[in-house]
*Asks:* 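Structure provided below as structure tokens; questions to follow.
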Amino acid sequence: MLQEDGCCPAELDRTEAHLQEPLILEKAEKQPSQKWHVAVSQRLKKHCSCTPQKVKFKILGFVPILQWLPRYQLRNWILGDVMSGVIVGILLVPQSIAYSLLASQDPIYGLYTSFFSSIIYTLLGSSRHISVGIFGVLCLLVGQVVDRELALAGYLTESSISADNATVLLAGQGNISDGQICDRSCYAITVGATVTFTAGIYQVLMGLLQIGFVSVYLSDSLLSGFATGASLTILTSQIKYLLGLKIPRPQGWFTLFKTWYGLLTNIGKTNICDLITSLVCLAVLIPAKELNDRFKAKLKAPIPFELFAVIIATLASHFGHFNAEYGSGVAGEIPTGFLPPQMPSWSLIPNVAVDAFSIAIVGFAITVSLSEMFAKKHGYKVDANQEMYAIGFCNILPSFFRCFTTSAALTKTLVKESTGCQTQISGLVTALILLLVLLVIAPLFYSLQKCVLAVIIVVNLRGALRKFLDVPRLWRVNRVDASIWLITMGTSALVNTELGLLVGVLASAFFVLGRTQRAQILELGRAETREHYEDVSSYRGLQTHPEVAVFRYAAPIYYANQSLFKKCLYKRIGLNPVKEKARRIKFSKCKHQEENGGKPNTKPEENSPEVLTLVLDQESSRKLHSLVIDCSGVLFLDTAGVNALKEVRKDYGEVGIKVVLVQCNPSVLDSLERGGYFSSKDDGDVGNNKMIFFTISDGVRYAQSLATANGDYGNQS
């Protein structure tokens with residue numbers, strides 16, 4: 001006769017009997033590991049052997065253009081590449097000139113930097129969409145180093161009347177040590193090129209060592225906080241140009257406060273012409289940028305309002321004689337063509353090596369994160385190590401042609417993608433636009449006011465500064481990520497830009513470790529309808545077992561949290577076995593003293609009281625003879641973790657409580673085996689120590705069977 005669910009009683013009995021059987025798995029034999037010298041010799045043979053196929057593969061991998069250019073679909077892709085290249089080139093002209101100001105360089109060097117980086121990344125880059133060139137945060141970092149070295153070399157202030165024309169005889173400065181005279185501009189680009197060369201060397205070395213994976217340790221919240229903090233510093237550094245003030249850039253820590261102090265103390269020297277020009281340009285460019293953003297889906301290409309502003313402002317300054325009549329700062333002479341290459345200053349490398357390392361890390365992290373983001377969006381893969389090579393050579397080779405540090409830039413990359421870019425060919429088109437400017441148009445920007453360039457920089461910071469509006473949402477979603485963002489941003493903006501990156505990395509590591517320190521011991525209960533266990537404080541209707549407690553620890557157990565693991569376990573169970581053992585010894589002593597007429601017992605027996613009651617919460621208490629620990633959340637154990645589990649088992653065993661481990665992953669089982677957990681005689685029962693349970697139910701039934709076989713297990717010592 002069938003029941004309503006379609007199962008006969010005999011079948012139900014067989015099912016229940018099957019569920020009572022423990023899960024048995026046979027451990028697979030691992031392949032014996034090779035001896036270290038054999039493994040090393042095989043690896044060397046694999047990587048050091050030279051065959052025609054391997055040479056071809058290495059060359060094609062190092063120069064990706066050799067792979068994709070033969071497969072270039074001219075009819076389908078050329079229009080999108082040309083359009084995106086032209087538009088990005090038009091946008092790069094005013095931005096290259098403007099960001100040169102941020103890097104403490106002459107405008108021509110910004111154009112050089114964008115030109116050479118566009119060509120080199122086309123040849124070596126693996127991303128089809130990112131735009132490599134001038135990036136505001138890197139320009140800020142380079143400018144800080146340049147200003148510091150200028151001050152050390154004797155170029156104290158920008159406000160000095162003869163600062164731009166002052167000269168210093170630099171003995172021992174690389175290729176300018178032969179008694180040649182180098183003015184402020186010459187020395188500034190020498191420092192900038194040396195920093196760039198050193199950063200590029202770092203990046204290429206990281207590529208050779210195959211450590212492109214380090215980018216995964218720089219979280220999105222960390223990079224976003226760093227960029228936002230640096231944007232605040234950039235914004236503050238440009239206010240002096242908006243007001244027409246000639247004050248030096250402060251050095252060291254807390255530059256934000258030092259800059260504002262200098263601005264407020266010199267506010268009376270504001271150049272009215274520069275102030276009016278800045279306000280007009282801001283009033284035009286901010287709404288224009290907003291219009292571009294709002295209608296970007298309808299526009300085939302963004303309208304180059306920045307270029308229009310530069311052209312109109314240059315004409316107004318030229319015919320209005322703003323420099324001669326009102327003392328307004330202008331870009332000055334911008335030569336055409338290219339200067340002969342020069343070597344970096346070798347003697348400056350020790351001075352800038354530390355700064356170059358942080359610049360290399362930032363440039364690499366930004367480039368890899370953007371390339372991976374757009375590659376995922378468009379369905380292709382990029383190689384992080386190849387990106388390291390590409391951005392490294394985008395710094396090394398241009399440094400010989402008086403360029404400064406480059407990386408991918410989000411704003412220009414978004415423009416490049418939205419205007420139909422298909423391959424890296426668009427980078428060559430951008431380079432052609434810049435070449436036209438370098439050869440013909442550049443001298444026409446002589447009268448361009450510096451305050452207009454500062455306005456362009458400030459307007460392009462809108463995206464980074466808008467991140468402040470996302471902080472409340474980020475805090476609601478994940479407080480840890482929000483805390484990392486705030487710490488990194490605050491340190492970068494208020495203390496020091498380079499220090500902000502280091503503090504952000506340390507804060508991220510601290511929060512990861514902190515999560516393992518804050519892991520809780522959860523008591524588990526069984527569902528009514530099936531063999532499934534969950535946290536009793538999170539779900540209703542879960543049943544606990546009489547005299548058997550089940551707990552879960554959802555974190556690895558290692559040297560940093562092993563003592564906290566034991567402390568939390570003892571507190572959650574409601575019994576510290578060490579204190580309980582001491583109490584029993586004291587109880588035995590008192591008992592024997594009473595029996596012997598007050599004489600102390602020299603060999604007290606450690607018999608426990610007959611009833612052991614544990615208080616698991618404020619409302620209930622129950623007897624306990626077994627403790628089942630669910631290790632499914634324990635990812636790994638180290639030696640300290642294995643010893644901690646040994647101590648837990650030994651301490652509870654001495655007060656009559658059996659400890660059973662269940663659901664250990666293979667890594668944890670191997671650690672327990674190597675650590676001698678299964679061969680330990682801590683609780684006097686070596687055979688039972690080797691019991692391994694793959695489900696909580698099997699462990700609970702085993703603990704209950706021990707109590708049934710031994711009577712009241714909790715009364716045993």
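Not measured: the values here are computed from a predicted model. Side-chain atoms are counted along with the backbone in the values below, which use heavy atoms only and exclude waters and symmetry mates.
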*Asks:* Check whether the side chains of Gln449 and Ser328 place a donor and an acceptor atom closer than 3.5 Å, and report yes or no.
*Replies:* yes

*Asks:* Does the side chain of Thr233 come within less than 4.5 Å of Gln144's, by heavy atoms?
*Replies:*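 In contact.
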
*Asks:* Going by the side-chain contact (heavy atoms from CB on, under 4.5 Å) test, name the single residue among Ile130, Leu370, Leu138 that passes it with Ser407.
*Replies:*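 The passing option is Leu138.
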
*Asks:* Can you say whether the rings of Tyr326 and Phe322 are parallel (under 30°), tilted (30 to 60°) or perpendicular (over 60°)?
*Replies:* perpendicular

*Asks:* Do you know the tightest heavy-atom contact between Gly337 and Tyr112?
*Replies:* O-OH, 2.8 Å

*Asks:* Does a side-chain heavy-atom distance below 4.5 Å link Leu428 with Leu432?
*Replies:*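 They are not in contact (no side-chain heavy atoms under 4.5 Å apart), so the answer is no.
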
*Asks:* Would you call Leu348 and Asn351 a side-chain contact if the rule is heavy atoms closer than 4.5 Å?
*Replies:*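 Yes. Closest side-chain heavy atoms under 4.5 Å.
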
*Asks:* Grab the two heavy atoms, one from Cys394 and one from Val132, that are nearest each other, plus how far apart they are.
*Replies:*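 Closest heavy-atom pair between Cys394 and Val132: SG-CG1, 4.3 Å.
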
*Asks:* Carefully, step by step, assess Arg184 and Leu150 under the rule side-chain contact (heavy atoms from CB on, under 4.5 Å).
*Replies:* CA-CA 8 Å; Arg184 186 181 186 280; Leu150 285 174; 3.5 Å; yes

*Asks:* Any side-chain to backbone donor/acceptor pair from Tyr389 onto Gly207? Under 3.5 Å, distance only.
*Replies:*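 Yes; at least one donor-acceptor contact below 3.5 Å.
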
*Asks:* Give me the atom names and distance for the closest heavy-atom approach of Tyr241 to Ser278.
*Replies:* O-OG, 4.5 Å

*Asks:* Are side-chain heavy atoms of Ile87 and Val415 found at a separation under 4.5 Å?
*Replies:*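 A side-chain contact under 4.5 Å exists here.
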
*Asks:* Mind checking whether Tyr109 and Phe404 have ring centres under 6.0 Å apart?
*Replies:* no

*Asks:* Which pair of heavy atoms, one from Lys416 and one from Ser426, lies closest together, and at what distance?
*Replies:* CE-OG, 2.6 Å

*Asks:* For Lys467, does the NZ atom sit with more than 12 other heavy atoms under 6.0 Å from it, leaving out its own atoms?
*Replies:*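 No, the 6.0 Å shell around NZ holds no more than 12 heavy atoms from other groups.
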
*Asks:* Does a salt bridge link Asp293 with Arg462, judged by any charged N lying under 4.0 Å from a carboxylate O?
*Replies:* yes

*Asks:* Do the side chains of Pro398 and Thr113 get nearer than 4.5 Å, heavy atoms only?
*Replies:* no

*Asks:* Angle between ring planes, Phe308 versus Phe305, binned at 30° and 60°: parallel, tilted or perpendicular?
*Replies:* perpendicular

*Asks:* Would you confirm whether Glu387, through its side chain, and Ser126, through its main-chain N or O, come within 3.5 Å as a donor-acceptor pair?
*Replies:*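 Side chain of Glu387 to backbone of Ser126, a donor-acceptor pair under 3.5 Å: yes, one is there.
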
*Asks:* Got a donor-acceptor contact below 3.5 angstrom from the Thr196 side chain to the Thr405 backbone?
*Replies:*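 Side chain of Thr196 to backbone of Thr405, a donor-acceptor pair under 3.5 Å: yes, one is there.
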
*Asks:* Between the side chains of Arg128 and Gln424, is a donor N or O closer than 3.5 angstrom to an acceptor N or O?
*Replies:* no

*Asks:* Considering only heavy atoms from C-beta outward, does the side chain of Ser369 approach that of Leu223 to under 4.5 Å?
*Replies:* yes

*Asks:* Does Thr430 reach the main-chain N or O of Gly85 with its side chain, forming a donor-acceptor pair under 3.5 Å?
*Replies:* yes

*Asks:* Show the numbers, then the answer: is there a ring pair (Phe, Tyr, Trp, His ring centres under 6.0 Å) between Phe401 and Phe338?
*Replies:* CA-CA 8 Å; Phe401 296 91; Phe338 295 91; 7.8 Å; no

*Asks:* For Ile425, is there any backbone N or O sitting under 3.5 Å from a side-chain donor or acceptor partner on Thr423?
*Replies:*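 Yes; judged by distance alone, with no hydrogens or angles, the pair exists.
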
*Asks:* Looking only at heavy atoms, which two atoms of Leu434 and Leu111 are closest? And how far apart?
*Replies:* CD2-CD2, 4.4 Å

*Asks:* With distance as the sole test, does Ser358 use its side chain to make a donor-acceptor pair with the main-chain N or O of Asp355 at under 3.5 Å?
*Replies:*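 Judged by distance alone, yes, a pair lies under 3.5 Å.
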
*Asks:* Donor-acceptor pair, Asp147 side chain versus Ser104 backbone, under 3.5 Å?
*Replies:*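 A pair under 3.5 Å: no.
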
*Asks:* Would you kindly say whether Ser96 and Ser114 are connected by a side-chain donor-acceptor distance under 3.5 Å?
*Replies:* yes

*Asks:* Looking at Thr265 and Gly262, would you say the former's side chain and the latter's main chain have a donor-acceptor pair under 3.5 Å?
*Replies:*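 Looks like yes, one N/O pair under 3.5 Å.
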
*Asks:* For Tyr446, is the OH atom crowded, meaning more than 12 foreign heavy atoms sit under 6.0 Å from it?
*Replies:*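 Atom OH in Tyr446 is not packed in, count stays at 12 or less.
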
*Asks:* If you take all heavy atoms of Ala493 and Leu232, which pair is closest and at what distance?
*Replies:* CB-CD1, 3.9 Å

*Asks:* When you look at CZ of Phe468, are more than 12 heavy atoms from neighbouring residues, nucleotides or ligands closer to it than 6.0 Å?
*Replies:* yes

*Asks:* Could you tell me whether the side chain of Arg466 and the main chain of Leu461 form a donor-acceptor pair under 3.5 Å?
*Replies:* no

*Asks:* Whether the Ser185 and Asp106 side chains hold a donor-acceptor pair (N or O, under 3.5 Å, no angle test) is what I'd like checked.
*Replies:* yes

*Asks:* Please answer whether the main-chain N or O of Asp274 pairs with a side-chain N or O of Lys450 as donor and acceptor at a distance below 3.5 Å.
*Replies:* no

*Asks:* Let's go through Val455 and Leu282 carefully: what are the C-alpha distance in whole Å and the side-chain angles of both, what is the deciding distance for side-chain contact (heavy atoms from CB on, under 4.5 Å) to 0.1 Å, and is it a yes or a no?
*Replies:* CA-CA 6 Å; Val455 168; Leu282 285 171; 3.8 Å; yes

*Asks:* Which of these passes side-chain hydrogen bond (donor to acceptor under 3.5 Å, both in side chains) with Trp485: Ser221, Ser219, Ser224?
*Replies:* Ser224

*Asks:* Compare all side-chain heavy atoms of Val352 with those of Phe357 and state whether any distance is below 4.5 angstrom.
*Replies:*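 The answer is no; the side chains never approach within 4.5 Å.
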
*Asks:* Hey, what's the ring geometry for Trp346 with Phe197, parallel, tilted or perpendicular (30° and 60° as the breaks)?
*Replies:* perpendicular

*Asks:* Less than 4.5 Å apart, side chain to side chain, heavy atoms only: is that true for Thr413 and Phe374?
*Replies:* yes

